[in-house]
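Some notes on the structure that comes next.
Keep in mind that what you see is a predicted model, and the values were worked out from it rather than measured. Here is the naming used below: chain letters follow the sequence lines, and residue numbers restart at 1 for every chain. The figures that follow rest on heavy atoms only: side chains count, while hydrogens, waters and symmetry mates do not.
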Amino acid sequence: MRYREMIALLALGAMLSACTSTQKQVAATAPVNWTAEAGKRVVLIEPDVELSELTAGGITEARADWTTTGKNFIKTDIASSLQAKGIATTSADTITDPHEVQLVKLYGAVGLSIMQNAIFNLPTKKNNFDWTLGPGVSALREHYQGDYALFVFVRDSYTTAGRALLMLGAAMMGVGIQGGQQIGFASLVDLRTGRVVWFNQLVSTGGNLKEEKPAATTVKNLLDGMPL
Amino acid sequence: MKLKRALSLSCAGLLLMTASGQAADRYAMPPPGYTPDMSSDEAGIWMQVDKAEANIKTSPQLVRDEKLNAYVGGLVCKLAAEYCPSIRVYIVDVPEFNAYAMPNGAVVVYTGLLLQAENEAQLAFVLGHEITHYLHRHSLEHLRMAVNTTGFLAVFGIAAAGAGVGLLGSVASLAGVGAIYSNSRDEERDADDQGFRIGTQNGYAPGQAPAIWRFVADEEKANPDRSKSLFLADHPESAERMTTLQKAADTAAPTRSDWIVNEDAFHAATDPFVVKWVADELSKGRMEQSVVMFRRLAANVPSRGIYQYGLGEAYRRRNQPNDVAAAASAYRGALACADAPAESWRGLGLLAMKGGDNAGAKESFTQYRAKAPDASDKAMIDFYLTQL
């Protein structure tokens, strides 16, 4: 029991000292505008979410149950925060059309490039945020009837008790061992032009997508600075 | 490198059926319709594998032809019996002799396997082997071990790179993806054993099981990257398993007189694709093995010109002493068949042109142009004709 209490305290401490940082990029040359002011609609592409357990050995094990829970929180929270702004959402949950599948994969590659570019600047992308998927995205627009698509990617790992103990021991000896962390992004694509109009990157050592309240905080951080 | 990897895959990933021990008892079979407990590590593995399966479903490499899928899927269903609803079959355009089972019940069959198998019995033994891998949850154990050793991120190739994020939900390319579903030697033996049992219980001729192993070994021996006798010397367990398999077949054969091979049904289902699969095989550029393979297929079904054409192409491109004569003879054999590919004329023309026989080349190229007026290489052939 004592051991468990200690772990709980430790987890609490870790949560209190958790740091969250977001980094947003907005395409200045692609201002947000709606085709019809009355019918603002965003297509929410099935979020790519994975929750996993970080074992003492530093190995992550995907957890299907946590992932289902976390993904549902993310989807619900996004829909309600957009609704609060008067924007309707359509969920593109299971995309099977080959062209649309390729678009989602293309975004996978582009999103990754944007993230990498935030660390290692490409010479051509220093001051201009002008990423695009090309006009082929209109397929998504026609199918789901929205001006923008929102792509969300989250990888969230949680420290096991064993790992937490290891962290504590190491900390006592002055060594820092990484615990679980949240990495993700949310990004908005104009479905008329293919332009990526906004990209927000999230890195956090805290957060908990398995529970409603902290999940809402994560979504709030993810949507931070969205120009809608 | 790639070639070696593909070959080791095809040897490790499947076939080699023996019927020795009673290893089946060691493996707990899930009940039909099984899904893992959501909080288990198995569910985590399934979650990843489901993504890989979704990727296959939308891949341009997936063969979507209804008839072919009905044939192979129907065969799997028959062999899997009460487990049929738990298993999904995907035929994927990869010119390698391979198939693999994923822990969630997806079975992937490469078109190279369908080109090289000679009859339904051979296909059934391979499928029985793969069904066993699923039912005995072999790759699950393997994946679990790999995850415990190197972690999910490494196994599924979605590592978080630096502070950034790895490839979004992607898996290895389709051709390489089988490697992560490989099995241990003991598991292969178990799948051999049970696969053989499944095949023979369904009435498939036991001798067809060692036959598969034999031709794969023959092709492997032709691989110039290995010394001729080294293959078997390097793999004593393979030799042992081949022997065990032959013994099992010898024992099983007299127990029945009505064993089925179903050569006709197999060819009826696969024939419409053979022209493409032959081109895919040739595109790999491993002519030593292609020569051995097409020699076997052409001898097996002499009435099919496409195999003789493949043999001609393999000889011509291998280009060793005597290959010109062998290629010409194969092309002529192809042209004597009802399904003679027009490209056989092109092959004869190229051989003649190379040998300085301008008149012969002209004659063959003219035939080719007449038989295939819309061929994609017609401009090149027309150019040759102006030079002759």
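Residues A/Thr96 and B/Thr58 approach most closely at O-CG2, 4.2 Å, considering heavy atoms. The two atoms that bring A/Val49 and B/Lys51 nearest to each other are O-NZ, 4.5 Å, heavy atoms only.
Summarising the local packing, NZ of A/Lys125 is surrounded by more than 12 heavy atoms from other residues, nucleotides or ligands at distances under 6.0 Å. Atom CD of B/Glu66 has 12 or fewer neighbouring heavy atoms from other residues, nucleotides or ligands inside a 6.0 Å radius. Within a 6.0 Å sphere centred on CD of A/Gln145, heavy atoms belonging to other residues, nucleotides or ligands number more than 12.
Separating the CD atom in B/Gln48 from the OG atom in A/Ser52 is a distance of 9.0 Å, to the nearest 0.5 Å. Between the NZ atom in A/Lys105 and the CG atom in B/Asn55 there is a gap of 4.0 Å [rounded to 0.5 Å].
Remark: A/Thr217 pairs with A/Asn221 by the side chain to side chain contact (heavy atoms under 4.5 Å, CB included) rule, at least two apart or across chains.
Within residues 67-76 of chain A, the residues that have a heavy atom under 4.5 Å from a heavy atom of chain B are A/Thr67, A/Thr68, listed by number. Along residues 276-285 of chain B, no residue comes nearer than 4.5 angstrom to chain A, judged on non-hydrogen atoms.
Your options are B/Pro60, B/Ser39, B/Ala54, and the one with the most heavy-atom pairs under 4.5 Å with chain A is B/Ser39.
Both the backbone and the side chain of B/Met38 come within contact range of chain A, each with at least one heavy atom under 4.5 Å from a heavy atom of that chain.
Pairs of residues two or more places apart, or lying in two chains, that qualify as disulfide (SG to SG under 2.5 Å) and include a residue from residues 48-88 of chain B are B/Cys77-B/Cys84.
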